[in-house]
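Written out below as structure tokens is the structure these notes cover.
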Number of protein chains: 2
Amino acid sequence: MDNLSRTFAALADPTRRAILARLSAGEANVSDLAQPFLKDMSLPAVTKHLKVLENAGLVSKGRNAQWRPCRINGEPLREAVDWMEQHRIAWEEQLDRLGTYLKAKTKGARHDHKK
Amino acid sequence: MDNLSRTFAALADPTRRAILARLSAGEANVSDLAQPFLKDMSLPAVTKHLKVLENAGLVSKGRNAQWRPCRINGEPLREAVDWMEQHRIAWEEQLDRLGTYLKAKTKGARHDHKK
DNA sequence: ACTATGATTAACTAATTAGTTAATTAACTT
DNA sequence: AAGTTAATTAACTAATTAGTTAATCATAGT
């Protein structure tokens, strides 16, 4: 499977997206990351989700004694955003053709990015 | 399954991404969309891929006689980009901490968007 | 009416995914 | 050395996915 597919597949799960969201606030151990989900699933289930994120290159694990500090890796995410941005103009043109672009536009600068 | 997961799952396949890429150039019938893939897979396989894209709301089909003109729908894609953008600053900070941000930055304005 | 074209549906299979519990590994604590 | 904590691995199951071929549906053209 290609990198981009692995990245999108990794993002296609709310648990994994929540893990990434948590990691964008900074490094965390596996059990820290697991904590919010332990009502819904077991620790090995979280380990597996992390493995999916690791295989997609979105997360990398370090080691500190018996802990495994995880951190986010932005590069594959950038590639995914790049793919979407590459087509975004065309999508918006499509919306324009359908006459719904104006509505989107008036939502504000939500899609503008920092300089 | 939630919308965002459905969108990312739909994007996690190179055939489906190619179909979307083709559709960002404009409307196309099922057989037009299928044509580049018919060496690799059957027409029903493409129909199924389109069904996945439809269920994610990424594509909508019209009807014109026996043809089914397909067009892209930007809204779910916007939501996906929004999710990523929401976390992007944090990812970049993470990169910064790792000292690799500068390298990314010198790649140019690739990640800046239109006003 | 008959035939051709465009597309979908049905029925099936193989592979992958997401979860489980139980066992195991690795490192720290006393 | 024994026990505790953090995390992974193993073995298994149920559900989903991506593909197949064959049959069907819908419309057009003759």
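Since the model is a prediction, treat every value here as computed from it, not as a measurement. Note that these values count all heavy atoms, side chains included, but never hydrogens, waters or copies made by symmetry. In what follows, chains are A, B, ... by sequence order, proteins preceding strands, each numbered from 1.
Between L43(B) and A45(A), the residue anchored nearer the 5' end of DNA chain C, judged by the nucleotide with its closest heavy atom, is L43(B). Looking at which nucleotide of DNA chain C each of D40(A) and M1(A) is closest to, the 5′-most match is held by M1(A).
Note: N3(A) CG to W83(A) CH2 = 15.0 Å, rounded to the nearest 0.5 Å. Interatomic distance, CD of E85(A) versus CG of L77(B), reported as 10.5 Å (0.5 Å rounding). Taking CZ from R17(B) and CG from D2(A), the interatomic distance works out to 5.0 Å, rounded to the nearest 0.5 Å. T7(A) contributes atom OG1, which lies 9.5 Å from atom CD of E75(A) (distance to the nearest 0.5 angstrom).
For the pair I19(A) CD1 and dA7(D) P, the computed distance is 12 Å after rounding to whole Å. Atom CG of L38(A) and atom P of dA6(D) are 12 Å apart (whole Å). If you measure from atom NZ of K61(A) to atom P of dA26(C), you get 15 Å, rounded to the nearest angstrom. Between Q66(B) atom CD and dT3(C) atom C1' the separation is 13 Å, expressed in whole Å. As a whole-Å value, the separation of N64(A) CG from dA27(C) C1' is 11 Å. Remark: P of dA7(C) and CZ of F37(B) are 15 Å apart, rounded to the nearest angstrom. Atom-to-atom, NZ of K51(A) to P of dT16(C) comes out at 18 Å; the value is rounded to the nearest Å. Rounded to an integer number of Å, the gap from L50(B) CG to dG6(C) C1' is 13 Å.
In this model, the phosphate group of dG19(C) is approached by a side-chain N or O of H49(A) to a distance below 4.0 Å at OP1 or OP2. Taking only side-chain nitrogens and oxygens, S31(B) comes nearer than 4.0 Å to OP1 or OP2 of dA7(C). Between dA26(C) and R68(A), no contact under 4.0 Å exists linking OP1 or OP2 to a side-chain N or O. Note on T47(A): a side-chain N or O is less than 4.0 Å away from OP1 or OP2 of dT8(D).
Closest to the side chain of R63(A), from the set dA18(D), dT27(D), dA27(C), is dA27(C). Of the listed nucleotides (dT9(D), dG19(C), dA26(C)), dG19(C) has the atom at the smallest distance from the side chain of K48(A). Side-chain proximity of M41(B) to dC28(C), dT20(D), dA18(D): nearest is dT20(D). If you check dT8(C), dA18(C), dG6(C) against the side chain of V30(B), the one that comes closest is dT8(C). Distances were taken from every side-chain heavy atom of R16(B) (C-beta onward) to each of dA28(D), dA18(D), dT20(D); the shortest belongs to dA18(D). Among dA26(C), dG19(D), dT8(D), the nucleotide with an atom closest to any side-chain atom of P44(A) is dT8(D).
Note: the hydrophobic cluster containing L43(A) does not contain V52(A) (ILVMFWY, side chain heavy atoms under 4.5 Å, direct or indirect links).
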